[in-house]
Amino acid sequence: MTGLVLVFANLKERKLGGFPSNGMVLCAGTEETSFAFCRPPKDAKIGERVTLEDYDGFNQEKEKEIHTKKNKVLDTVFPEFKTDKEGFATYLGKK
């Protein structure tokens with residue numbers, strides 16, 4: 001495999017295979033396809049923050065809800081990460 005992948009960085013440290021990990025590679029798939037690495041846009045630079053093209057961010061109420069759940073940010077947002085019928089990763093239905 002070659003190329004760039006999307007990574008959730010600066011996560012709370014957890015042991016993975018006995019080693020400390022502070023990140024997670026983002027993968028996606030559909031019921032009809034196997035899972036694959038999510039790729040950033042072709043013009044993305046290493047270390048650059050990647051955002052969704054149709055998503056403006058959380059409203060203040062949702063932001064407060066997420067950050068008041070101590071260390072549960074990923075548990076809160078992951079259920080809304082899905083893939084569309086073409087297999088593109090989406091959040092709250094937006095690419």
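Just so it is clear, the model here is predicted, and its values are computed rather than measured.
- Summarising the geometry, atom SG belonging to Cys27 is positioned 8.5 Å from atom CZ belonging to Phe35; distances are rounded to the nearest 0.5 Å.
- Listed by chain and number, the residues in a side-chain contact (heavy atoms from CB on, under 4.5 Å) with Leu26 are Leu6, Phe8, Cys38 (sequence neighbours excluded).
- The shortest heavy-atom contact between Gly3 and Arg39 is C-NH1, 3.6 Å.
- Taking Ala36 as the reference, nothing meets the side-chain contact (heavy atoms from CB on, under 4.5 Å) condition, with sequence neighbours excluded.
- Across Asp43 and Glu48, no two heavy atoms sit closer than the pair O-OE1, 4.3 Å.
- Among residues two or more places apart in sequence or in another chain, the side-chain contact (heavy atoms from CB on, under 4.5 Å) test is passed with Pro79 by none.
- Using a 4.5 Å heavy-atom cutoff, the side chains of Ser21 and Arg14 are not in contact.
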Next on the checklist: For a side-chain contact (heavy atoms from CB on, under 4.5 Å) check, start with the C-alpha distance between Met24 and Val7, then their side-chain angles and the critical distance, and finish with the verdict.
Outcome noted: CA-CA 5 Å; Met24 185 181 307; Val7 176; 5.9 Å; no

